[in-house]
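For the numbers below, each heavy atom of this structure counts, side chains included, while hydrogens, waters and symmetry mates do not. Chain letters run A, B, ... following the sequence lines, proteins first and then strands; every chain starts at 1.
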Number of protein chains: 2
Amino acid sequence: MVSHQGDSGSLDRLFHALADTTRRDILRRCVHGDLSVSQLAAAYPMSFAAVQKHVTVLERAGLVSKRRHGREQLVLTEPEAVARARQALDDLDTLWRGRVARMSGLLAQEPQHPRTNPGTHEHRPKEGPER
Amino acid sequence: MVSHQGDSGSLDRLFHALADTTRRDILRRCVHGDLSVSQLAAAYPMSFAAVQKHVTVLERAGLVSKRRHGREQLVLTEPEAVARARQALDDLDTLWRGRVARMSGLLAQEPQHPRTNPGTHEHRPKEGPER
DNA sequence: CTAGCGTACAACCAAATGGTTTCACATCAA
DNA sequence: TTGATGTGAAACCATTTGGTTGTACGCTAG
């Protein structure tokens with residue numbers, strides 16, 4: 001497997017869309033698909049246009065679709081896009097697991113290159129400076 | 001159990017760090033943890049400082065850690081952070097699945113309350129200049 | 001010790017982001 | 001028809017991002 005993802009730009013858009021609290025909240029609210037953009041907008045302390053932009057970002061990432069209902073647009077989250085994002089993370093994890101398996105497999109025949117095995121690595125050496 | 005993640009800002013940082021092809025590639029290269037920042041930088045068509053900034057973004061998101069080896073800094077990806085991101089996606093998916101189950105189960109006795117009060121939903125509306 | 005490498009950080013710049021207000025256009029209700 | 005409502009898109013602004021170059025500093029090699 002390790003499906004090497006085709007389009008990196010689409011993944012960029014996907015993760016970028018997920019990288020905002022408001023947008024993730026919109027996704028959560030729209031699993032039912034019965035909220036219009038304006039109903040959605042009423043739930044947030046920002047303008048209608050701002051929420052509309054968030055929805056547009058989600059739409060271009062494939063994370064939601066819109067369905068007309070009269071003059072309203074009902075927003076519906078697309079679980080397949082979420083699955084695509086998860087697949088990318090799974091690929092990373094698989095890579096990591098592969099590394100572990102390979103390490104334990106080669107441990108016998110790779111007799112300790114002086115500083116190859118870090119052993120216990122400490123967690124979070126320090127907090128990076130504010131940028 | 002749908003662990004409602006505590007810090008939204010940390011998830012923002014996580015997904016933002018993942019939303020760049022170069023950074024995802026760095027993550028892939030650093031599963032083995034034996035590459036220094038300058039070795040890493042040699043692999044990309046940009047300056048050392050640019051790669052260093054990418055590493056900093058990954059570090060602040062918790063996706064990599066650095067380990068000093070002499071005068072070099074070896075970069076190591078942290079699979080636990082990847083798991084955190086995946087957990088967030090799983091929560092979304094669970095929500096979606098729950099919706100399907102609930103719909104087929106409760107369709108008879110839940111006659112569509114038109115609009116749930118927007119104000120009562122906890123949303124954590126981005127306190128302060130967090131962005 | 002001195003030279004050089006690897007790293008960190010600052011200053012700077014163009015472009016993108018996230019927000020605002022405003023205007024235009026459909027569509028529904030009366 | 002008239003008017004209110006829902007949506008979309010533009011212009012604009014402040015801040016962030018992603019890149020550059022330059023400089024300072026720690027560590028290792030000779």
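- A:His54 has a side-chain polar atom (N or O) that falls below the 4.0 Å cut-off from OP1 or OP2 of C:dG19.
- Of the possible polar contacts, one joining the A:Arg23 side chain to the A:His16 backbone as a donor-acceptor pair under 3.5 Å is found.
- As judged by a 4.0 angstrom heavy-atom cut-off over every strand, A:Thr56 is placed among residues making no nucleic acid contact.
- Relative to the ring axis of A:Tyr44, A:Arg29 places its NZ or CZ within 45° and under 6.0 Å from the centre.
- For A:Val37, whose side chain is taken as the heavy atoms from C-beta onward, the closest listed nucleotide among C:dT20, D:dT20, D:dT7 is D:dT7.
- Taking only side-chain nitrogens and oxygens, B:Lys66 never comes nearer than 4.0 Å to OP1 or OP2 of C:dT7.
- Whole-Å rounding puts the A:Asp20 CG to C:dG18 C1' distance at 8 Å.
- Among the nucleotides D:dG18, D:dG6, C:dT7, the one closest to the side chain of A:Glu72 is D:dG6.
- At a threshold of 4.0 angstrom between heavy atoms, the contacts of B:His16 are confined to the sugar-phosphate backbone, with no base atom among them.
- Look at CD on B:Gln73: it is 19 Å from P on C:dC5, rounded to the nearest Å.
- Taking side-chain N and O atoms only, B:Gln52 has no distance below 4.0 Å to OP1 or OP2 of D:dG19.
- One interatomic measurement links the two molecules: OH of A:Tyr44 to P of C:dG19, which rounds to 12 Å at whole-angstrom precision.
- To the nearest angstrom, P of C:dT7 lies 8 Å from CG of B:Leu74.
- At least one donor-acceptor pair under 3.5 Å links the side chain of A:Asp12 to the backbone N or O of B:Thr21.
- The nearest whole Å value for the distance from the CZ atom in A:Arg60 to the C1' atom in C:dT17 is 11 Å.
- Within the 4.0 Å cut-off from OP1 or OP2 of C:dT21, not a single side-chain nitrogen or oxygen of A:Ser47 is found.
- To the nearest angstrom, P of D:dT17 lies 16 Å from CE of B:Met46.
- The nearest whole Å value for the distance from the NE2 atom in B:His69 to the P atom in D:dT28 is 9 Å.
- If you measure from atom CZ of B:Phe48 to atom P of C:dC9, you get 11 Å, rounded to the nearest angstrom.
- Shown here for A:Leu27 and A:Thr77, the closest heavy-atom pair between the two residues is O-CG2, 2.9 Å.
- Residue contacts for A:Arg68: at a heavy-atom cut-off of 4.0 Å it reaches the sugar-phosphate backbone alone, with no base atom in range.
- Residue-to-nucleotide contacts include no donor-acceptor pair under 3.5 Å from the side chain of A:Arg71 to the base of D:dT7.
- For the side chain to side chain contact (heavy atoms under 4.5 Å, CB included) test with B:Leu40, the passing option among B:Asp25, B:Leu74, B:Val55 is B:Val55; the others fail.
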